[in-house]
Amino acid sequence: MKCKGIILSSGQLWKDQRKFALETLREFGFGKTILEDKINEEIGYFVEIIGNQKGRQFDMWRLTQASVSNVISSLVYGQRFDYEDPIFKEFLEKIEENFSAVGSTVVMNVLPFLRFLPGDLFKFKRTMRNVAIIEKKLVESSINDHLKNYDENNTNDFISSYIKEMKLVEKTGEESYINRENLAKSIGDLFAAGTETTSTTILWTILYLLHHPSVQARCYKEIQDVVGSGRLPSMKDRSSMPYTEAVLQEVLRIVNIIIIGIPHTVDEDIIFHGYHIPKGTVVIPNLDSVLSDDKIWGDADVFRPERFLDENGQLVKREEFVPFSLGRRTCLGESLAKMELFLFMTTLIQRFEFKPVDPNNLPTLKGVFGITHAPSKYEVRAIPR
Ligand code: HEM
């Protein structure tokens, strides 16, 4: 069966969906202040709830996931959700279940007959059921609402822009992959790829700060020197904050959240590094072979942000830093992710000092493998500054 949407599709169908998504998201402000405003609005709700904990220990997992998901919601649906909205909560639960199950469902790519075994040992059936629930309750109903209220002069979210394109295509009468089915799958893909990845990286960053209080102190000093406490950090500050940027890069490198790459099918016979790879072969990239290679980094297992700085403390570009992958299938949301990571983390460190619940028993740095490499659940104390 031909996969729809962006992440697992290929050929012309993939090209059309990727081109449309990239162009539309760029138009909405990848790299522009309008997007920064949306992210900052969300961060406002996020830090308010963290502040309400008044330094008590709590698990930031669900809150972080909801907040990052809301950034994608603003872009795709044109609205954010209240953190307590029951459909939104159910949606986040299903995404979490699926992400933690994918490590086991990946085995189906290699041994597809396993899905016909009775029971659900590899959680494949549950994963598919969850996808169907999300599509029906959230995605389809939102597409219906957008169709009902469609106004061609007001297409400032992903769904209404896609509908506009669908209507243009319908007029020409040409056959196209720009259709409702691919719209639904692309929405699912933007949420699936854009939520868990970024929120997991934020949670990893906080965990590494707990283990390295001097790194947290140095980031805070840099934020104070460049931004102070009187205003929110902005993307304009990024180039003046090389140390904080190096910390974010080092987290992305050392945790390598996409441990099992996304499978892609080779669409013609090729010779690669002397190996013949026949058409139709499924290739799964292994970014870990670069991000964790001692031959490249010297001490790949050590958390050392300085590896991304030169002797003057300026950021150096390392071509082996590839957490967003490379080539034509490279992450579509890289700019958005980098923007979110910078704004979320600098605001968090500006407002709070993160402390472990028990300084003598730090939460483990051992991760959990699903489709993303996530930290094990932990609690933290966010002390208002
Ligand atoms: C820290 C955050 C993120 C990391 C580390 C990350 C990493 C990756 C990686 C490694 C891939 C696979 C590329 C390949 O197949 O070779 C990918 C694909 C993708 N990412 Fe991200 N990603 C992040 C955030 C985001 C965000 C915020 C979005 C939302 C727009 C997004 C959307 C996508 C999409 C749609 C694809 C599939 C692209 C395609 O197949 O054409 N990602 N990402």
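Computation of the quantities below employed the complete heavy-atom set of this structure, encompassing side-chain atoms and omitting hydrogens, waters and symmetry-equivalent molecules. Whatever order the structure lists them in is the order used to number ligands and atoms, beginning at 1.
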> Can you check whether S325 has an N/O within less than 3.5 Å of an N/O in ligand 1?
Replying inline: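 Yes, there is a polar N/O contact under 3.5 Å.
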>> Tell me whether V255 shares a hydrophobic cluster with F321, the cluster being built from Ile, Leu, Val, Met, Phe, Trp, Tyr side chains joined at under 4.5 Å.
In response: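 Yes: a chain of side-chain contacts under 4.5 Å links V255 to F321.
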> Between W61 and L348, is there a shared hydrophobic cluster once you connect ILVMFWY residues whose side-chain heavy atoms come closer than 4.5 Å?
Replying inline: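 As far as the 4.5 Å side-chain criterion goes, L348 and W61 are connected within one cluster.
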Using a heavy-atom cut-off of under 4.0 Å, does the side chain or the backbone of [X] touch ligand 1, or both, or neither?
X    : value
D189 : neither
R18  : side chain
L287 : side chain

For [X], take its heavy atoms, then give the atoms of ligand 1 lying under 4.0 Å from any of them.
X    : value
P323 : 5 (C), 7 (C), 10 (C)
T201 : 1 (C)
I6   : 39 (C), 40 (O), 41 (O)
W14  : 39 (C), 40 (O), 41 (O)
I258 : 7 (C), 10 (C)
I257 : 5 (C)
A337 : 2 (C), 24 (C)

> If you group Ile, Leu, Val, Met, Phe, Trp and Tyr whenever their side-chain heavy atoms sit less than 4.5 Å apart, what else falls in with Y177?
Replying inline: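 When side chains under 4.5 Å apart are linked, the cluster holding Y177 also contains L13.
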>> Does any part of the side chain of R385, heavy atoms only, come nearer than 4.5 Å to the side chain of R351, both counted from C-beta?
In response: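 No, every pair of side-chain atoms sits at 4.5 Å or beyond.
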> Is the closest side-chain heavy-atom distance between R304 and D299 below 4.5 Å?
Replying inline: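 With C-beta onward as the side chain, the pair touches.
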> When the ring planes of F20 and F158 are compared, do they come out parallel, tilted or perpendicular, using 30° and 60° as the limits?
Replying inline: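 Answer is perpendicular, since the angle exceeds 60°.
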> Given R328, R329, Q17, which has its nearest heavy atom closest to atom 13 (C) of ligand 1?
Replying inline: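 Comparing heavy atoms across R328, R329, Q17, the nearest one to atom 13 (C) of ligand 1 lies in R329.
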> What do you reckon, is CD of Q79 surrounded by more than 12 foreign heavy atoms closer than 6.0 Å?
Replying inline: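 Enclosed.
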>> Could you check whether atom CZ of R328 has more than 12 heavy atoms from other residues, nucleotides or ligands sitting under 6.0 Å from it?
In response: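 No, not enclosed.
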> Among the heavy atoms of H264, does any lie under 4.0 Å from an atom of ligand 1?
Replying inline: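 Heavy atoms of H264 do come under 4.0 Å of ligand 1.
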Under 3.5 Å, sequence neighbours excluded: what are the donor-acceptor pairs made by side chains of residues 268-278?
{"unit_1": "D269", "atom_1": "OD1", "unit_2": "K279", "atom_2": "N", "d": "2.7"}

